[in-house]
Structure formats: structure tokens, C-alpha cells
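Small disclaimer: the values here were computed from a predicted structure and weren't measured.
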Amino acid sequence: MNTDVDAENPSALSLWNDPTAPVAERVDALIAAMTLQEKTAQLSGVWVGASDEGGEVAPHQHDMEEAVDLDALLPTGLGQLTRPFGTVPVDPALGALSLARTQARIAASNRFRIPALAHDECLAGFAAWGATAYPVPLSWGAAFDPGLVRRMAAAIGRDMRSVGVHQGLAPVLDVVRDARWGRVEETIGEDPYLVGTIGTAYVQGLESAGIVATLKHFAGYSASRAGRNLAPASMGPRERADVVLPPFEMAIREGGARSVMNAYTDTDGMPSAADENLLTGLLRDTWGFDGTVVADYFAVAFLKILHGVAADWADAAGTALHAGIDVELPNVKTYGAPLTEAVAAGRVPEELVDRALRRVLTQKAELGLLDPDWNPVPAALDGTDPDDPETLRGHVDLDSPENRALARALAEEAVVLLSNDGTLPLGRPRRIALIGPNADEPTAVLGCYSFPQHIGVRHPGTPLGIGLPTLRETLAAEFPDADVTHVRGTGVDDGDLSGLDEAVRAARGADVTVVALGDRAGLFGRGTSGEGCDAGTLDLPGAQQQLLDALLDTGTPVVTVLLAGRPYALGRAVTESAAIVQSFFPGEEGTHAIAGVLSGRVNPSGRLPVGVPRAPGSQPGTYLGARLAHANEASNVDPTPAFPFGHGLSYTRFDWTDLTVDAHEAPTDGEFTLAFTVRNTGERPGTEVVQLYLHDPVASVVQPVQRLVGYTRVILEPGEARRLTVTVPADLASFTGRDGRRVVEPGALELRPAASSADPRLTARVVLTGPERHVDHTRRLHATIAQKPAAT
């Protein structure tokens with residue numbers, strides 16, 4: 001079989017085009033036939049925007065990059081196309097046609113006929129014009145429902161694959177360490193087990209649709225000093241191993257993620273993009289990851305211009321390649337001419353190029369991009385006429401009724417009822433005062449990586465592309481007999497209190513006041529939440545606290561509703577609000593979910609994925625703190641949250657009883673089994689989120705007071721009870737010991753079935769016996785929780 005390109009017969013099947021041959025053999029043959037320039041061309045991409053007329057994509061101009069000449073690049077090939085749908089507004093069908101035509105050109109331009117791999121953002125839905133905007137990841141965490149997240153991710157993946165995209169840059173597996181960080185909205189929460197299980201479910205869903213999931217940001221991005229974006233990370237190896245890394249470990253081992261993206265930050269002076277121990281030693285040699293490592297945008301260049309560990313572009317390329325970064329994104333910069341010249345001059349070994357190239361081509365082969373019958377036309381355009389682009393407009397629906405149903409289900413599960421004096425559900429109020437900057441703002445439900453907030457804001461006059469009903473609209477529909485008076489009061493962050501008097505008058509004339517506060521998502525200072533929108537304190541932005549306090553003074557019951565990307569200290573409202581409803585950017589169906597909770601149509605079941613602070617200056621702090629991180633007499637600063645991790649109320653009541661433990665002792669390689677009953681003692685159906693925490697009172701190194709090791713949702717009719725049986729392997733008690741290895745130590749433990757991290761309902765005191773036992777990445781990661789009807 002030929003291993004060279006046959007110029008006389010271009011249709012001759014080369015080994016790398018033979019889908020019946022082993023992938024490794026195909027890739028090796030292709031690498032052997034390539035020139036150095038053709039090799040490096042596969043290791044970078046071009047940032048493009050699809051054409052809204054269906055023509056070929058146009059290179060996107062970014063202030064970090066010089067202009068890109070596609071005609072000059074394409075003869076040697078192209079590794080990736082960056083964000084064809086997530087750069088400019090484009091009708092999805094015409095975008096798919098534009099991408100298909102460009103892919104045909106790319107394949108025809110290089111002698112191996114290799115198309116590019118197209119990637120796009122999908123943090124809270126496919127970041128394309130007209131695509132469903134789902135709740136942000138912090139809401140996924142609030143739902144405590146991996147199964148629903150998996151279904152959502154599969155839907156996102158199907159939409160992406162249908163229009164020709166191959167890779168999605170999600171999920172974010174950063175564990176929240178400081179809520180002032182602007183990207184908290186992109187995270188799943190402050191607990192590594194919650195982040196790992198929800199993030200793994202997302203990966204499984206995305207990969208099930210044929211989309212390459214990309215884990216980010218590896219590793220430690222969220223541990224930046226003072227919550228500042230891109231700031232150095234202050235953490236030791238134990239915090240990294242026990243808090244930051246487990247979600248990535250789980251998503252690779254159980255999720256099957258095929259790509260990882262490096263973090264921008266440096267940890268103790270070592271940038272992630274230059275960290276061979278992290279990107280190769282741990283990720284590949286220890287964990288066995290065999291996918292691609294892609295650079296966060298401009299991260300390779302940042303080794304020179306931000307971190308100062310590279311002298312020139314070639315040095316940056318060689319450093320990143322040696323560490324284990326296979327693909328430079330978003331554009332060709334250092335992996336182009338600088339890398340090629342460095343290899344030719346002997347500064348960078350060609351073996352490093354081949355190593356990265358082998359991973360890239362393996363992925364392309366697995367995606368079918370090297371097959372002889374590869375077709376650039378995606379499934380969404382099957383049966384259409386590409387010669388008449390205008391007939392395609394509106395042909396592709398990325399916001400289907402099925403998508404919206406998923407978005408609403410997740411939004412409803414993610415609403416967290418923080419407090420309630422009995423005012424909620426509202427019943428049938430005659431007069432509602434609806435006040436606040438997020439009461440009548442369509443985009444108040446969206447995070448910064450939604451298309452309207454990420455891209456659409458740069459294209460004023462372009463329709464949003466999706467329906468975004470405001471809280472004012474959904475509240476009016478939810479309470480058709482009520483007189484709803486709307487007053488803005490103040491802006492999200494403008495400090496304008498000129499509307500305060502009108503707001504107070506409206507509240508005094510109402511039966512109940514609903515005040516909608518929170519954030520505006522944006523990028524790099526354009527919002528109060530989002531990438532580059534970090535907070536100095538956790539005070540509500542602008543003059544929102546003053547507005548809230550004035551409404552509390554009116555004597556009318558105040559229901560505080562938060563549409564936000566992070567938790568905020570709420571001052572007097574913690575004790576004086578009639579009720580507090582927390583929603584983390586719940587997506588396009590979010591206001592329906594909130595209105596349903598206010599009316600009682602939806603019984604809230606969300607639980608906090610991050611604690612709500614009592615004071616605005618008590619950061620950084622999470623429930624995972626050791627004893628000295630909690631309130632004590634050594635400091636006058638009390639970090640105790642107003643509402644803790646895992647907290648959330650319902651409109652019904654649950655009793656937890658009848659704890660049994662099969663055996664109170666087990667060896668360090670054994671397990672414990674406990675059982676208990678949860679009963680709905682209220683008058684309406686509801687869902688209890690059962691959480692299991694582990695407390696290790698004495699360990700060889702300092703441990704968190706407790707940490708989450710399991711959870712499940714229990715759905716109960718009034719009077720119904722279920723018996724839960726929980727099996728807890730000793731591996732879940734492991735931690736990084738004094739010698740840097742993960743260890744299970746003998747000794748006493750407490751297993752705490754709980755309604756939140758501050759509300760243990762039952763306690764099982766058990767003892768691990770026998771010798772210390774070292775475990776690794778193959779350890780058991782989960783407790784098993786089985787449910788069955790309880791005996792009456």
C-alpha cells in the first residue's frame with residue numbers, strides 16, 4: 001500500500017486514508033510523509049468568523065495577533081479553525097455552509113487533503129447566534145443532578161456536531177477558592193467532588209454526541225491571589241492534589257474527555273503552559289491521558305510577554321511543546337515560522353513536534369477527517385441546495401422546543417430558596433411591586449460566555465436570536481390577577497439612586513415587594529461578573545444594597561431575588577427579608593423558573609454550590625477550611641457564611657431517621673455500609689438533596705473539618721419515605737500525606753448524612769483499622785447510594 005502522495009493519481013488510497021488500517025499505523029505513515037512545515041501547520045489554527053452569506057469564513061482580527069493570510073497558510077495545511085460560529089452573528093445554516101465551503105478549500109489546498117478541526121465555546125450552551133442559552137455551570141452545581149446535566153450536554157453536542165463543529169471548549173473544572181474571582185459563574189462550585197461529578201457528567205454528554213470535550217483550566221486558575229483574573233496562584237502541592245486536581249482526574253478517568261486546556265496562571269513561579277511535571281508527568285505518564293493538550297488562547301505567547309520565562313517566540317514554542325502543549329490556540333503565532341525555524345536550527349528537537357503531531361492526527365483520524373469518504377457538508381445541511389444560500393436561512397434550529405424544555409428543567413432544579421418566613425409561595429397577591437435593575441432586563445439571565453453577552457454586545461442592532469422573557473413578563477403571566485408595578489430603582493453598578501423614592505412609594509403601596517438584584521455578565525470590565533470582571537469585595541454591586549435596605553424599611557414584605565454570577569453578602573436582608581431566592585444566571589428559561597418558585601408552581605430543590613457570605617470582606621473562604629479557617633477567638637473576622645454550601649429550602653418538610661451501620665469497623669482497604677430513612681412529612685411533593693460528608697478528627701496532616709463524598713436527589717410524595725443504603729469505601733478517606741503520596745490512615749471517622757454542610761441530620765461514627773494504605777488514581781472515587789421504598 002502506498003505511503004506517498006500519488007501526484008499522478010490523487011484518488012489513490014494512501015495508508016493514512018485507509019479506515020480499515022489501525023489508527024496508529026495510519027498516523028505514523030502520514031507523519032513520515034510530511035515536511036517539517038506540514039507538520040507544524042497541524043499544530044495551530046486560525047481564528048475565523050463564518051459568513052452570514054454562506055461564503056467562506058473570514059479571519060478574525062484580534063489585537064494580540066497580526067493579520068492572517070489564509071492563501072499563504074493553506075498549502076501546508078491547517079490544524080484548527082477557531083470559533084467559526086462564536087465570533088460574529090451568523091444564521092446557523094449559513095454558518096454551516098460557510099464552514100463546509102472553507103473545509104473543502106482547506107482540504108483541497110494541502111497535498112494530504114486534511115481538513116481542519118473546528119472548535120467553539122459551549123460553556124452554557126453552544127455559543128452561536130440563535131442557540132439555546134442554558135443555565136451557567138454554577139447553576140449545574142446548584143441542581144446537584146448529574147443525569148440532567150449529562151442530557152443537556154448531549155443536546156449541546158448534537159447541535160454543535162450537526163453544523164460541523166468537532167471540539168467544545170468546556171467544561172470548566174476549576175474549584176472556587178475565592179468568590180471575588182470574576183469567573184465563578186463559569187465554575188460548578190467550591191467542592192471538588194461536586195465539581196468532579198457534575199463536570200464528568202457534562203463530559204460524558206458532550207462526548208456521546210461526538211464532540212471532543214476540553215477540560216479547563218489545568219490547573220489552579222481559580223486559586224489566583226485575591227480572586228484576580230490571571231494572577232499568580234498561591235497554593236501548595238497538597239491543596240493542588242486534594243482540591244484542584246480531583247475533578248480533572250475524574251473527568252478523564254470516567255468521562256473520557258479527549259482534550260485538556262492549560263491554565264494561564266503560574267503556581268509558585270511555574271506557569272502551567274511550561275510545566276512538564278503537570279502536563280506530561282501527571283496528566284499523561286501517571287493518569288494515562290492520551291488526547292490533546294490545547295493552549296488557552298495566547299497562553300504560549302504569554303510565556304514571553306506575561307510570564308517572562310521565554311526570550312522569544314521560538315523559545316516560547318519550544319518551552320510549551322516540551323511541557324506537553326500540542327496545539328497553539330487561537331491563531332498561528334509561535335508554532336508557525338518561529339517553531340519551524342527553531343527546529344531547523346536545532347534549538348527544538350523535531351521529536352517534540354512529532355509527539356504533538358501524533359496526538360493531533362490521531363484525533364483527526366478518530367473523527368473521520370482522514371477517511372477517503374470524508375464530506376465537509378454537515379448533517380444539518382443534508383438535502384439542501386448549497387448553491388442557493390438564501391433558501392437555507394432559518395433552516396437550522398439550534399433552539400428547539402426539546403432544548404428549551406431541558407433548559408427550563410435545569411433552571412427549575414437550580415433555583416435555591418435561601419430563606420422564607422412563610423411568605424413564599426405568594427398565593428394570590430393583589431398588588432406586587434417589582435423593583436430592581438434585573439427585573440426587566442432580558443439578558444439578566446445570561447452568563448458572560450452566552451452568545452448575546454460575549455459577542456452580541458459588540459453588534460448593536462442585531463437581534464438576540466433567542467427569546468429572553470424578563471422577570472417582569474413572566475411574573476405578570478404567573479400572577480395574571482395581580483397588579484404588577486415595576487420600578488427600576490437603580491442600575492446594576494451605576495450607583496444611581498434617583499429612582500429610590502419612586503421604588504419606596506411602589507413598595508409601600510403593594511402587598512409584597514419582589515426586588516430583583518445581582519449582576520450583569522460581561523468581559524474584561526464590561527460587567528460585574530465574568531472573565532476579567534473581578535470584585536474587590538462581595539458587596540452587591542453599585543447602590544443595590546442601599547435600594548434593598550430602603551425597601552426593607554417600608555414594612556412591606558420583601559422577597560429578594562438574585563440573578564447573579566457569584567454569591568453576595570446581603571446585609572440586613574439575611575434576617576429581614578421575607579424570603580431570599582438565589583439564582584445563578586439561569587439561562588433563557590430562567591425567569592419562568594423563578595416565577596414558578598415565587599408562585600409555588602415549582603417546589604424549589606436547588607442547593608448552594610458556593611456559600612453565601614455573611615460579610616463582604618471574608619474572602620477567600622470556603623466550607624472546606626480546616627479548623628483554623630473557621631470562626632475562632634484568634635481573629636475578629638468571622639468567616640461563617642450566612643448560608644452554607646449545600647443549603648437550600650423547600651416548601652415541604654423532610655425527616656431523617658433510623659440510622660443503622662452494618663459494622664462500625666472496617667480495614668483501610670474495606671468499606672462501610674449505613675442506611676437511613678428520609679420521609680416527606682409535608683403536604684406537597686418535594687425533592688430532598690441528601691448529602692454525605694466525611695469528618696476526619698485526627699490525621700497526620702491538617703484536613704478540612706469536613707468534605708462532601710456523596711449526594712443524591714430523593715423525590716418524595718407527601719407522606720412517602722425511602723430507605724437509603726450508602727456504601728462508603730475507605731478510599732474516600734484518603735488524602736495527600738506527609739510524604740506527598742495519597743494515603744488511607746487508620747483511625748476514627750464520622751460519616752454525616754446532611755441537608756447541608758452546616759446541617760448534619762445523622763452521624764455514623766466508624767473506625768478504620770489496620771495499616772496505612774497508599775492509593776493512587778485508580779482508587780475508588782464514589783460512595784454508592786441506593787434508594788428503595790421504606791417500610792411503613
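Counted by atom type alone, Q363 and T292 present one or more donor-acceptor pairs between their side chains at under 3.5 Å. At a cut-off of 3.5 Å, with distance as the only test, a side-chain donor of E745 or S700 sits close to an acceptor on the other residue. Counting only N and O atoms by type, the side chains of N603 and S650 include a donor and acceptor under 3.5 Å apart. Between the side chains of H782 and E254, at least one donor N or O lies within less than 3.5 Å of an accepting N or O. Under the 3.5 Å distance criterion, with hydrogens and angles disregarded, a donor-acceptor pair is assigned to the side chains of T652 and N680. For the 3.5 Å distance criterion, the side chains of Y202 and Q204 fail to qualify, holding no donor opposite an acceptor. Counting only N and O atoms by type, the side chains of E185 and Y449 include no donor and acceptor under 3.5 Å apart. Between the side chains of R723 and T660, a donor-acceptor pair is found at a separation under 3.5 Å. When only modelled atom types and interatomic distance are considered, R752 and Q706 share a side-chain donor-acceptor pair under 3.5 Å. Residues E772 and T668 bring no donor and acceptor atom of their side chains to less than 3.5 Å of each other. Between the side chains of S757 and Q691, not a single donor N or O lies within less than 3.5 Å of an accepting N or O. Between S139 and Y134, the side chains place no donor N or O within less than 3.5 Å of an acceptor N or O (distance only, hydrogens not considered).
In summary, R258 and E207 engage in a salt bridge, as defined by a charged side-chain N under 4.0 Å from a carboxylate O. Salt-bridge check for E366 with K364: failed, with every basic side-chain N at 4.0 Å or more from each acidic carboxylate O. Residues D242 and R742 are paired through a salt bridge, judged by an N-O separation under 4.0 Å between the basic side chain and the carboxylate. Salt-bridge formation is not detected for the pair R713/E688: no Lys NZ or Arg NE/NH1/NH2 atom is positioned less than 4.0 Å from an Asp or Glu carboxylate oxygen. Look at R177 and E239 and you find a salt bridge, because one of the NZ, NE, NH1 or NH2 atoms lies within 4.0 Å of a carboxylate O, short of that distance. A salt bridge is absent between D159 and R161: the closest approach of a Lys/Arg side-chain nitrogen to an acidic carboxylate oxygen does not fall below 4.0 angstrom. In this structure, D326 pairs ionically with R284, as a charged nitrogen and a carboxylate oxygen lie closer than 4.0 Å.
Between F144 and F645, the ring planes lie tilted relative to each other; the angle falls in the 30° to 60° range.
Considering CG of L692 and CG of L751, their distance stands at 6.0 Å, rounded to 0.5 Å. To the nearest 0.5 Å, atom CD1 of residue I188 and atom OG1 of residue T197 are 8.0 Å apart. Separation of atoms CG (D662) and CD (E671) is listed at 9.5 Å; rounding is to 0.5 Å. Here the straight-line distance linking atom CG of L215 with atom CE of M261 works out to 10.5 Å at 0.5 Å rounding. Expressed to the nearest 0.5 Å, how far CG of L138 lies from CD of E190 amounts to 9.5 Å. Here E249 contributes atom CD and D776 contributes atom CG; the two are 8.5 Å apart, rounded to the nearest 0.5 Å.
The six-membered or imidazole ring of Y221 lies near that of W181, with a centre-to-centre distance under 6.0 Å. Checked against the 6.0 Å centroid threshold, H664 and F672 do not count as a close aromatic pair.
By the neighbour-count criterion of 12 heavy atoms within 6.0 Å, atom NE2 of H322 is sparsely surrounded, having that number or fewer from other residues, nucleotides or ligands. Taking a 6.0 Å sphere around CG of D268, one finds it holds 12 or fewer heavy atoms contributed by other residues, nucleotides or ligands. For D669, the CG atom counts as densely surrounded, since its 6.0 Å shell holds more than 12 non-hydrogen atoms of other residues, nucleotides or ligands.
Using a 4.5 Å cut-off on side-chain heavy atoms (C-beta onward), L624 and D191 make contact.
Geometrically, K216 does not engage Y264 in a cation-pi contact, judged by NZ or CZ lying under 6.0 Å from the ring centre and within 45° of the ring axis.
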